[in-house]
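Here the structure comes first, spelled out in structure tokens, and everything after it is commentary.
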Amino acid sequence: MTEPVGRRREVMVVLPGLMLAMVLAMLDNMIVGTAMPRIVGELGGLTHLSWVVTAYVLGTTVSTPIWGKIGDLYGRKNIFVTSIVIFMIGSVLCGMAGSDLLGGPDGGMGELIAFRAIQGLGAGGLMVNVMAIIGDLVPPRERGQYQGIMAGVMSLAMIAGPLVGGFITDHLDWRWAFYVNLPVGAIALVLIVARLHLPVLHNKVRIDWAGAILLSVSITAMVLITTWGGNQYTWGSWQILGLAALAVVTLAVFVAVERKALEPIMPLQLFRNRNFTLISAIGFLLGFAMFGAINFLPLFQQMVQGATATNSGLLLLPMMGASMVVSLFVGKAITATGKYKIYPVIGGVGMAAGMWLLSTMDVATPAWETGVYIAVLGLGMGFLMQTTMLIAQNSVEQKDLGVASSASTFFRSIGGSFGVSLFGAVFNNHFLSELTARFGAQAADRMAKSGGRMDPGAVAQMPAGMRTGVLESLATSISGVFWWAIVFAVVVPVLAAFVKEIPLRGGAAMGSAAEKEVSPAAG
């Protein structure tokens, strides 16, 4: 299918700015993940490690539907610029966490967690607006090749992120893991302001703030349950039961509010569409298994395998390289054939296989073997990441493009938030149990408390017997996290098999296929 020259030129003019904004979000996640062992070593709080990620993902999750809906109502350019600015402000604050300017390292981990939430609020508008702007400019049938390019850029960012993070951690202050976002964000802002020309809408419809607040409260309560349950509080405690009640009540009220809202944050009628519902579920499971488990790879590589921060970044290259190559192939294949159903099925199988291989790792697993395992995981990711967004966008009318884009990102983010929280609790409980079995309850308790500042250097200075026990405990605990990830990953190809292959809309047919599919009679 031939793409009009004028449209292609219009897209290529704005594409560099969009790609830089996407790189901004991807680089941050990968750089910070690589630097986390050093950050924990300085600020303390190994048991709170997952919260640094959870706060960011939670901020992203609760803000994503709002960014998408506001863009649909009032136009995307100014909304996009605002999200970049908030992200940069959050980056500056994260870099200052625990500094003398804010009172020193005592309480620094708490500051970092709070500032990561602010950074996440801005990040929620980055990915969803990039996807929605591409959707505004390009019809679905022609969108595959651009999303293939975007997936390639994302993979390059994911490759560069660990390398940059490793270099910063090994040779500079870890705070530059956040400050590095500023020049990238500044260039993206200039390009977006100068080159992106979209209409500014002036709809008089009010934003569904009630729905946004209720959804945010419900999500936060659910994440707190997965984070604290069985860890900080017992599952039957009043804190956990109270949070469960709050989550259920606010979710029920949210559904009632959305049914009556003129412009709901999450239009419930979209879930009458089978593809939209299936892809939302797949996105949730993808985020749950992938982000929840991958968060522990740098910890395994640096703590157990003894890699430097830079080398742990290099060890992630097989995953990113495999994902990039497959994403580019899939994007071109979808544009050429219009077929897409088989790709999420293959991707789900590949992701489950990669998680299973990673679950077999122990202290004796060499780095090259880990590289093979994560390459398999990368192959699965390459088939899934952009295809799920394309299917979600093709399932709705053009007027709901921002909602579809934000919903796809939302369910992936909330899955990641739950995954990081749950797997963090699994890791902490398993690690304490392993230490107790090896060193006794009292010694394990002391070690776990002092382990708040455990880093590769501290482990290397332990007596040989203690070091071996700690490394074996870490390896077993991280392996257990990947076992849990398999449970969620295997459901992805099963759900993907039920996706209905609706023809991708072309330039002249924008909206027609989706309008039929989201009608009340649609299956």
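Since the model is a prediction, treat every value here as computed from it, not as a measurement.
Side-chain atoms of I279 and F411, non-hydrogen and from C-beta on, never get closer than 4.5 Å to each other. In this structure, L299 and I478 have side chains that are in contact, with non-hydrogen atoms separated by less than 4.5 Å. For the pair V62 and L215, the minimum side-chain heavy-atom distance is 4.5 Å or more.
Residue F498 qualifies as open at atom CZ: its count of foreign heavy atoms under 6.0 Å is 12 or below.
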Quiz item: M361 and V304: side-chain contact (heavy atoms from CB on, under 4.5 Å), yes or no, with the steps?
Solution: CA-CA 10 Å; M361 296 189 304; V304 179; over 6 Å; no
Quiz item: Can Q305 and T370 be said to form a side chain to side chain donor-acceptor pair (under 3.5 Å), step by step?
Solution: CA-CA 10 Å; Q305 294 182 324; T370 301; 2.9 Å; yes
Quiz item: Run the side-chain contact (heavy atoms from CB on, under 4.5 Å) check on N181 and F87 step by step: do they pass?
Solution: CA-CA 9 Å; N181 293 329; F87 182 86; 3.8 Å; yes
Practice problem: Determine, stepwise, if the pair R272 / Q269 fulfils side chain to side chain donor-acceptor pair (under 3.5 Å). | Solution: CA-CA 6 Å; R272 297 173 184 168; Q269 69 269 20; over 6 Å; no
Practice problem: Given side-chain contact (heavy atoms from CB on, under 4.5 Å), test F482 with L357 step by step and report yes or no. | Solution: CA-CA 9 Å; F482 287 111; L357 290 170; over 6 Å; no
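For F80, the ring-ring contact (aromatic ring centres under 6.0 Å, His included) test picks out no residue, with sequence neighbours left out.
The two atoms that bring M355 and A485 nearest to each other are SD-CB, 3.8 Å, heavy atoms only.
Formation of a donor-acceptor pair under 3.5 Å by the T250 side chain with backbone atoms of V217 is not found in this model. Side chain of W67 to backbone of L121: a donor-acceptor contact under 3.5 angstrom is found.
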